[in-house]
Each structure stands twice: as C-alpha cells, then as structure tokens.
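Both backbone and side-chain heavy atoms feed into the values below; hydrogens, waters and symmetry mates do not. Computed from a predicted structure; not experimentally measured.
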Amino acid sequence: MVYKIEEILPVMAKLSDKYTSKDSASVSYETAQQLMEAILYCIQECGDENKDLLGGAPVDCMTAYEQGYRFTMDKVMRAKEVYHRITSDFEDYGCRNYRETIIEGMPMFFTKYDVRFEPQNHILSLDYPALGIAPGKRGIDLIMDYLEEIEYEQHFLKYFKRKAVTDLLEYRCTDYQELYLDNICEPVLIRAAACLATDQEIGNLRLDVSDHKAAEEYFMEDTDKRAEIHMSVFLDTLEKNIMGRAYRGRFKNCAHEFTYRVRHGLQF
C-alpha cells in the first residue's frame with residue numbers, strides 16, 4: 001500500500017494531536033520522524049495482514065492506518081499467547097543467556113511496547129539468537145517471529161534427553177552456563193546429523209572417538225556441494241521425524257553454514 005504525502009499528512013496531524021494531547025501545535029523533528037514511521041508501519045501491517053481488505057476496493061490512508069493499528073494490537077495479543085506457552089514449560093539447559101533473554105528480558109517488551117506511537121520499535125536486543133529469523137523485521141513482527149521460532153526450537157530440543165544437550169554444550173564450551181551465547185539448536189543439529197551419518201542413536205547425542213572420525217570422513221570425502229546436500233537431507237530428516245505435523249522445513253536452510261563449519265575444523 002503506497003500513499004502520497006498529502007494523503008498521509010491528515011493521519012500525521014491526528015496522531016500528533018494524540019501524542020501531545022492537543023497541548024502543542026508542533027512536535028520536534030525527531031518525534032515527527034518517529035510518528036511518521038509509526039504510521040508507515042501500521043499501513044504496512046494493513047497490507048500484510050489483509051490484502052483483500054474491503055473486497056479489494058481502494059482504501060483511504062486513514063482507514064489503512066487504523067486497520068493496521070488494530071492488526072498490530074491483535075498481533076501483540078497473539079504474541080503474548082505464544083510467550084505464555086513457552087514459559088509454561090521452558091527449559092534453558094542451564095544457559096544464562098537463554099534464560100535472561102526469554103524469561104527475564106521478554107516481559108519488558110510487553111510492558112513497554114508502544115503500539116500507537118512507536119510500533120516499529122521492538123525495544124529488546126534479543127541477545128539469544130533464534131534460527132530462521134528473516135532480516136529487516138521490526139516491532140511486533142520481529143518479536144512474533146522470534147517467539148514462534150523459540151517455541152519451535154523448544155519443541156525440537158525436548159526430543160533429546162536434557163543431560164545429552166547439557167553434556168554437548170559443555171563439550172562445546174566448558175563454562176557454557178555463563179559463556180555460551182550461540183543458539184542451542186546449532187550444536188544439537190550438527191551432532192545429530194553426525195549421528196545419522198554414522199548410524200548412531202540420536203537421542204543421546206553421543207559419538208565416541210571412532211564415530212567422530214567416521215563423521216569427519218563422511219563430510220570431508222565429497223565436494224563442498226555434495227557434503228552440503230548430505231547435511232541438508234540429514235537436517236530435514238531430523239526435523240520431519242521429530243516435529244511431525246509441526247514440521248516447517250526450517251533446519252535444512254542451515255545446511256550451507258553447518259557444512260562450512262564442519263569442513264573447516266568445527267568438532268562434532
């Protein structure tokens with residue numbers, strides 16, 4: 001949805017009045033820029049969430065903005081529902097960064113998020129990296145995607161024994177509880193792929209010395225491209241078998257990065 005500046009200005013005037021409670025005839029340049037971004041964000045939400053609004057008839061700018069604002073509010077409520085599901089059975093595997101980001105940090109978003117005047121600001125730095133987040137997302141769009149990925153990740157990780165995951169994290173980073181800052185699924189996926197490559201049971205995530213050597217040979221003996229194809233198949237197989245109906249085809253997108261790491265010295 002694209003509107004000319006003269007169509008947006010009445011929306012800007014109305015929003016500015018709300019921002020100042022009509023106590024001032026003007027706002028600062030920085031505030032005006034913030035409010036303009038808020039308007040454009042909500043208009044984009046309207047376009048993204050309801051492309052067939054009013055049966056495809058043209059929608060004026062004010063209607064698009066207000067509709068987008070309501071869609072944004074609704075998305076916040078849906079994000080809260082996802083977050084409550086996550087926290088009802090959350091496992092941090094002893095990882096401080098994971099716990100602080102999800103359990104301690106996320107409530108701040110729901111407390112401080114300003115749907116009306118700054119919906120483009122997602123507030124949090126999201127220090128724990130989730131897999132599969134599309135670049136360029138902001139505001140509740142980013143938070144919603146992030147929480148959905150965390151929920152998906154938690155579902156996947158719980159297939160494995162907790163001790164298997166914590167032992168693997170400790171293998172990767174001795175003081176992982178305090179120092180590990182990467183995604184927890186990454187080492188689990190790489191180790192599970194190595195288990196598949198060497199015909200080992202994946203639930204315990206265990207490889208002995210000979211298994212490590214066999215896995216290294218498996219991924220090193222082929223070309224980069226063929227090794228990546230093998231990795232992609234293993235990751236997709238893991239996801240399909242573990243996630244069942246919830247399968248989204250996410251993990252195979254990590255094949256290129258994981259293959260590069262493995263072929264450049266990363267231990268399984």
Side-chain angles (χ1 to χ4, degrees), residues 91-98 101 126-135 145-146 149-244 246-268:
E91 175 58 70
D92 61 27
Y93 299 95
C95 181
R96 179 179 178 179
N97 185 47
Y98 201 11
T101 303
L126 303 176
D127 294 332
Y128 177 81
L131 296 178
I133 300 296
D145 282 4
Y146 184 84
E149 291 303 325
I150 294 298
E151 183 177 36
Y152 194 72
E153 169 182 296
Q154 284 276 302
H155 184 169
F156 175 78
L157 288 172
K158 283 170 185 168
Y159 171 85
F160 304 92
K161 295 179 175 63
R162 184 183 190 279
K163 190 174 188 309
V165 176
T166 57
D167 285 350
L168 178 57
L169 291 172
E170 190 167 18
Y171 170 77
R172 291 284 293 270
C173 179
T174 304
D175 192 15
Y176 83 88
Q177 294 92 338
E178 297 295 322
L179 301 180
Y180 190 79
L181 301 177
D182 292 330
N183 181 274
I184 291 177
C185 269
E186 290 183 2
V188 171
L189 284 166
I190 292 172
R191 173 62 67 87
C195 288
L196 287 178
T198 56
D199 295 322
Q200 300 301 310
E201 197 275 323
I202 65 171
N204 293 318
L205 297 173
R206 290 178 184 166
L207 294 177
D208 61 24
V209 174
S210 62
D211 295 329
H212 273 276
K213 184 174 177 58
E216 289 173 4
E217 291 175 351
Y218 184 92
F219 286 102
M220 291 299 293
E221 65 185 8
D222 271 331
T223 63
D224 288 347
K225 186 62 178 177
R226 287 188 60 81
E228 183 177 331
I229 291 171
H230 292 317
M231 179 67 79
S232 178
V233 170
F234 287 143
L235 295 178
D236 203 42
T237 299
L238 285 166
E239 187 176 0
K240 284 178 178 176
N241 291 342
I242 292 173
M243 300 306 294
Y247 168 81
R248 297 179 184 171
R250 291 283 200 270
F251 298 153
K252 61 187 176 183
N253 297 326
C254 300
H256 178 77
E257 180 182 351
F258 289 0
T259 304
Y260 180 87
R261 292 187 190 181
V262 167
R263 288 173 68 86
H264 288 80
L266 177 71
Q267 293 295 312
F268 288 103

**Q** Return yes if some donor-acceptor pair links the side-chain N/O of Q154 with the main-chain N/O of L157 below 3.5 Å, else return no.
**A**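 Flag not set: sc Q154 to bb L157 has no pair under 3.5 Å.
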**Q** Would F160 and I242 count as a side chain to side chain contact (heavy atoms under 4.5 Å, CB included) if you check the C-alpha gap in whole Å, the side-chain angles of each, and the deciding distance to 0.1 Å?
**A** CA-CA 10 Å; F160 304 92; I242 292 173; 3.8 Å; yes
**Q** Are any of the side-chain heavy atoms of Y247 and D236 separated by less than 4.5 Å?
**A**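 Yes, side chains in contact.
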**Q** Just checking, any donor-acceptor pair under 3.5 angstrom between side chains of D182 and Y128?
**A** no
**Q** Would you find a donor on one side and an acceptor on the other, under 3.5 Å apart, between the side chain of D127 and the backbone of T101?
**A** no
**Q** So do the side chains of L205 and K161 get within less than 4.5 Å of each other, counting heavy atoms only?
**A**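 No, side chains not in contact.
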**Q** Determine whether more than 12 heavy atoms belonging to other residues, nucleotides or ligands lie under 6.0 Å from atom NE2 of H256.
**A**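 Not buried by this count: 12 neighbours or fewer within 6.0 Å.
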**Q** As an exercise, state the distance from CG of L235 to SG of C185, rounded to the nearest 0.5 Å.
**A** 11.0 Å
**Q** With the side chain counted from C-beta on, respond yes when N204 and D167 share a heavy-atom pair under 4.5 Å apart, and no when they do not.
**A** no
**Q** Is E186 salt-bridged to R261, cutoff N-O under 4.0 Å?
**A**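 Here E186 pairs with R261 in a salt bridge, since their nearest N and O are under 4.0 Å apart.
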**Q** Determine whether a donor-acceptor pair (N or O, by modelled atom type, separation under 3.5 Å) exists between the side chain of T166 and the backbone of K163.
**A**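 Confirmed, T166 side chain pairs with K163 backbone.
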**Q** Does R191 make a cation-pi contact with Y171 (under 6.0 Å, within 45 degrees of the axis)?
**A**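 Yes; both conditions hold, so R191 lies above the ring face of Y171.
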**Q** Can the ring centroids of Y260 and H264 be said to lie less than 6.0 angstrom from one another?
**A** yes
**Q** Rounded to the nearest 0.5 Å, what separation is found between the CZ atom of R250 and the CD atom of E149?
**A** 4.5 Å
**Q** Less than 4.0 angstrom from a charged side-chain N to a carboxylate O is my criterion; do K158 and E91 meet it?
**A** no
**Q** Between Y218 and H230, is the gap from one ring center to the other below 6.0 Å?
**A**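 Yes, close enough.
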**Q** Got a sec: does the CZ of R162 have more than 12 other heavy atoms crowding it under 6.0 Å?
**A** yes
**Q** Do the non-hydrogen side-chain atoms of F234 and F258 ever get within less than 4.5 Å of each other?
**A**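 SC-SC contact between F234 and F258 ruled out.
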**Q** Angle between ring planes, F251 versus F156, binned at 30° and 60°: parallel, tilted or perpendicular?
**A**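 Answer is perpendicular, since the angle exceeds 60°.
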**Q** Return the OH to CG distance between Y180 and N97, rounded to the nearest 0.5 Å.
**A** 10.0 Å
**Q** Can R248 and E239 be counted as an ion pair, charged N to O under 4.0 angstrom?
**A** no
**Q** Indicate yes or no: at least one non-hydrogen side-chain atom of Q200 is less than 4.5 angstrom from one of R206.
**A** no
**Q** Any non-hydrogen side-chain atom of L168 less than 4.5 Å from a side-chain atom of Y93?
**A** no
**Q** Report the distance from atom SG of C195 to atom CG of D211, rounding to the nearest 0.5 Å.
**A** 7.5 Å
**Q** In the structure I gave you, are the side-chain heavy atoms of D175 and E178 within less than 4.5 Å of one another anywhere?
**A**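 D175 reaches E178 side chain to side chain.
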**Q** Could you tell me whether a side-chain N or O of D208 sits under 3.5 Å from a main-chain N or O of S210, the two making a donor and an acceptor?
**A**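 Flag set: sc D208 to bb S210 pair under 3.5 Å.
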**Q** Check L181 against P129 and note the closest heavy-atom contact, atom names and distance.
**A** O-CD, 3.2 Å
**Q** State, with a plain yes or no, whether a side-chain heavy atom of Y152 is found less than 4.5 Å away from one of M243.
**A** yes
**Q** Ignoring hydrogens, what is the shortest heavy-atom contact between A164 and G203? Give both atom names and the distance.
**A** CB-O, 3.8 Å
**Q** Considering non-hydrogen atoms only, spot the tightest contact between C95 and I184 and give its length.
**A** CB-CD1, 4.1 Å
**Q** Without swapping roles, check the side chain of R96 against the backbone of L179 for a donor-acceptor pair under 3.5 Å.
**A**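 Answer holds: no.
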**Q** Rounded to the nearest 0.5 Å, what separates atom CG in D222 from atom OG1 in T259?
**A**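 Those atoms lie 11.0 Å apart.
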**Q** Say whether Y98 and Q177, considering side chains only, have a donor N or O and an acceptor N or O under 3.5 Å apart.
**A**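 Distance-only check fails for Y98 and Q177.
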**Q** Please report the interatomic distance CG(L207) to NZ(K213), rounded to the nearest 0.5 Å.
**A**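 If I round to the nearest 0.5 Å, the distance is 14.0 Å.
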